[in-house]
Amino acid sequence: MQTAELSGLPAGVADHLREEGIEELYPPQAEAVEAGVTEGESVVASVPTASGKTLIAELAMLASVERGGKALYIVPLRALASEKKREFERFEEFGVSVGVSTGNYESDEEWLSNRDIVVATSEKVDSLVRNGASWIEELSCVVADEIHLVDDANRGPTLEVTLAKLRQLNPALQTVALSATVGNADEVADWLDAELVHSEWRPIDLRTGVHYGSALHFDDGSQEEFAVESGDNPTTALVSDTLSDGGSSLVFVNSRRNAEAAARRLGNAVEDQLTGEERAELAELAEEVRGVSDSETSDDLADAIANGAAFHHAGLAREHRTLVEDAFRDRLIKAISATPTLAAGVNTPSRRVIVRDWQRYDGDAGGMKPLATLEVHQMMGRAGRPGLDPYGEALLLANNHDELDELFERYVWADPEPVRSKLATEPALRTHVLATVASGFASSRGGLLEFLERTLYATQSTDPGRLESVTDRMLDYLERNGFLERAGEDIEATGIGHTVSRLYLDPMSAAEMVDGLRGADDASALGLYHLVARTPDMWELYLRSGDREKYTEIAYEREAEFLGDMPTEFEAERFEDWLSALKTASLLEDWASEVEEDRITERYSIGPGDLRGKVETAQWLLNAAERLAVELDLGPDVVASISAARQRVEHGVGEELLGLTGVGNVGRKRARWLYEAGIETRDELRNAEKSVVLGALRGREKTAETILRNAGHPNPAIEGEGVEADESAAVEAEADSRGDGQAGLGDF
DNA sequence: CGGGTTAGGGTGTAGACAGCATGTC
DNA sequence: CTACACCCTAACCCG
């Protein structure tokens with residue numbers, strides 16, 4: 001089908017697509033059009049990665065907008081939201097407006113009501129529904145990207161329930177679901193009353209195979225000689241082989257440490273194939289990476305990048321990740337070793353993909369477990385850059401003949417596992433039963449069960465009694481904790497129940513917080529950090545060897561500060577959880593006491609990305625705790641201490657600096673410098689001697705000017721002011737001249 | 001004064017051992 | 001990451 005034959009799109013779009021080089025639709029795209037995506041028909045598209053799924057969604061949304069409607073595009077990851085927004089913005093010249101919504105707090109985001117296309121994560125959409133965003137009812141088209149993720153135990157139920165809600169609000173809603181190729185896409189299509197478009201077609205060839213001995217064995221039965229010199233390992237040999245052919249490689253491994261170690265080795269193998277120009281650009285990039293964060297991870301990454309390789313995992317700060325991803329896409333970085341983060345994230349195609357580790361440690365299983373077929377297929381799907389590579393190649397590595405056979409059977413020839421709903425579990429229903437009642441989708445037990453009939457679980461289930469019994473258990477739980485009230489068949493959310501639903505808290509988190517805050521007339525920062533750290537909304541930090549003793553000691557030393565009862569050492573499991581929450585709490589306390597970033601990452605053996613994540617979650621939960629304290633009327637002192645604790649993690653400073661950190665461009669370090677110079681509040685900053693401010697800021701005039709302007713100084717200009725800097729300040733200014741004196745946290 | 005002894009610090013290496021992916025509001 | 005062997009040096013003691 002030709003692009004020119006498309007109808008129902010905004011004027012100019014078809015021509016624009018042709019200018020982008022899209023003359024003819026790919027077969028699955030044409031099939032979707034025939035199924036009626038541009039006419040408002042619901043479609044499930046189950047096609048391989050990088051086969052033009054996005055265009056199917058775009059055609060559906062644009063046609064819907066052209067008919068006067070409004071479209072929503074649901075992404076699985078925050079990082080993908082901005083990527084998609086950027087893509088869709090190319091249609092703004094045809095009068096189609098785009099908006100994104102992700103992130104922290106409860107809101108209805110009314111400004112989105114005049115956008116034609118909205119991009120959001122499933123949790124954000126759920127939150128918007130709970131907060132009663134009026135524009136949700138105006139939606140005419142919803143796209144669910146990567147819908148196979150309904151299979152995910154943690155986040156799948158949210159997507160499932162959210163789609164059910166949107167479809168209940170508007171029975172005529174067009175639903176377009178994009179999926180990787182999975183075994184049971186027909187069941188998904190059934191659930192969504194959609195037509196199934198299934199295809200194995202790819203725009204560029206993907207060869208998959210296994211390396212074993214001195215040969216590559218491919219899926220089509222062919223073999224290619226590939227000998228690895230003794231002393232060399234197959235991964236680096238394959239990577240430098242690709243590079244000598246002008247291609248880049250992606251290596252998937254099973255742990256962060258492995259990713260970092262592999263990047264070091266890959267750098268050594270890749271380094272001698274770099275041109276002088278590339279070396280210079282890489283050196284520049286390496287310094288930029290180093291400046292992102294003050295931590296060993298940041299230094300190690302910079303060192304690897306200087307050699308043309310990089311690692312990628314969730315311990316990296318977001319800026320690290322985007323720098324690496326962009327440079328890899330620009331073909332500057334030649335190889336990345338990554339944990340599975342990269343397979344699910346933003347688009348980073350590569351000539352060759354090597355799945356080095358196909359087993360991963362799983363604490364629940366107590367050992368190594370093979371990766372899911374779907375997961376490995378997603379990794380392999382990253383091979384081949386459309387328009388750049390003649391073909392893509394994805395390889396697994398085998399150490400012996402048995403493994404060769406096993407890898408072929410498990411991954412090369414196997415179909416991915418079917419998608420199964422995970423809705424009928426306690427954590428999922430605890431949250432969604434409350435939200436469903438609180439936002440008015442059901443007002444009785446029968447209504448609730450009827451609503452749940454709209455989910456994938458119901459279409460798949462052979463055991464409907466299970467959903468019912470878990471639902472009943474959760475109704476009891478929610479009633480017992482005062483979130484719901486029941487009168488016969490009727491169910492209603494209480495005031496606090498509504499608040500919990502809108503704050504997007506797990507009811508169990510809310511119960512824990514309410515319990516801890518009640519009867520506390522005073523709360524220390526550590527006590528509050530521990531309170532939020534032990535809710536199910538904050539993931540636990542591992543207790544490493546020696547941590548048990550260390551935190552047990554701290555637990556007894558500071559027993560008086562904890563809110564709620566401390567479990568005894570005889571309740572082994574609860575005590576363990578308590579200690580690991582204490583570890584998180586003391587991390588937060590360190591951060592809020594101005595301990596340096598590199599000390600924290602080292603002390604808790606985490607990466608800068610983990611630190612930022614913890615801080616962000618703590619901020620969100622403390623905000624929620626504050627709202628609950630107000631709602632429950634726990635008194636101004638409690639509310640004030642929560643607020644102070646929240647602001648301290650937000651800026652990473654002691655309480656005495658909170659008066660300064662509100663000023664733009666003043667972070668934890670500069671606030672401390674100003675404070676030491678005798679400037680303690682915004683007012684004092686505004687009225688301070690310029691020379692004092694300049695001295696405190698280590699003599700940097702530009703920063704001093706912007707800070708004074710941000711503090712509201714009538715005449716911030718600094719010229720010819722003497723610097724009152726003593727020698728130690730001058731030395732520090734020297735040491736500091738690389739960064740801008742800010743930790744870099746706080747503006748993410 | 002010369003030779004020997006000893007404690008202390010630093011360096012290098014082998015082997016044991018723990019730890020092991022991700023993520024939304 | 002620890003235990004251990006090993007080397008070097010400085011300080012001290014004794015004949």
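Just so we're on the same page: letters track the sequence lines, and every chain starts at 1. Being a predicted model, the structure only gives us computed values, none of them experimental.
Between N254(A) and Y361(A), the side chains place no donor N or O within less than 3.5 Å of an acceptor N or O (distance only, hydrogens not considered). A donor-acceptor contact closer than 3.5 angstrom links the side chains of N258(A) and S255(A). When only modelled atom types and interatomic distance are considered, E109(A) and W111(A) share a side-chain donor-acceptor pair under 3.5 Å.
Heavy-atom contacts from other residues, nucleotides or ligands closer than 6.0 Å to CD of E602(A) number 12 or fewer.
When the side-chain nitrogen and oxygen atoms of T341(A) are compared with OP1 and OP2 of dT22(B), one or more of them lie within a distance under 4.0 Å. Between T617(A) and dT24(B), a side-chain N or O to OP1/OP2 separation shorter than 4.0 Å is absent.
In this structure, R257(A) places its CZ atom 10 Å from P of dG19(B), rounding to the nearest Å. Between L621(A) atom CG and dT24(B) atom P the separation is 14 Å, expressed in whole Å. H312(A) places its NE2 atom 14 Å from the C1' atom of dG23(B), with the value rounded to the nearest Å. Rounded to an integer number of Å, the gap from CG of N254(A) to P of dC20(B) is 12 Å. The distance from atom CZ of R360(A) to atom C1' of dG19(B) is 15 Å, rounded to the nearest whole Å. In this structure, Y604(A) atom OH and dG19(B) atom P are separated by 17 Å, rounded to whole Å. Here the P atom of nucleotide dG23(B) and the CG atom of L80(A) are 11 Å apart, to the nearest Å. L541(A) has its CG atom 15 Å from the C1' atom of dG23(B), to the nearest Å.
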Can you give the dot-bracket line for DNA chain B, where a pair is Watson-Crick or G-U wobble with both atom distances under 3.5 Å, crossing pairs use [ ], and | marks a partner on another strand?
|||||||||||||||..........
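Note on R321(A): only backbone sugar-phosphate atoms sit closer than 4.0 angstrom, heavy atoms only; bases stay farther off.
Remark: N154(A), R155(A) in residues 147-168 of chain A come within less than 4.0 Å of DNA chain B through at least one heavy atom.
Between F441(A) and F451(A), the angle of the ring planes lies from 30° to 60°, which puts this pair in the tilted group.
For the pair L505(A)/T499(A), no side-chain contact is recorded, criterion being any heavy-atom separation below 4.5 Å from C-beta on.
The aromatic ring of Y361(A) does not stack onto the base of dG19(B), failing the criterion of a centre distance under 5.5 Å from the six-membered base ring together with planes under 30° apart.
For the salt bridge (Lys or Arg N to Asp or Glu O under 4.0 Å) with D590(A), the lone residue among R648(A), R603(A), K614(A) that qualifies is R603(A).
In the set dG23(B), dC20(B), dT24(B), the nucleotide with an atom closest to the side chain of R544(A) is dC20(B).
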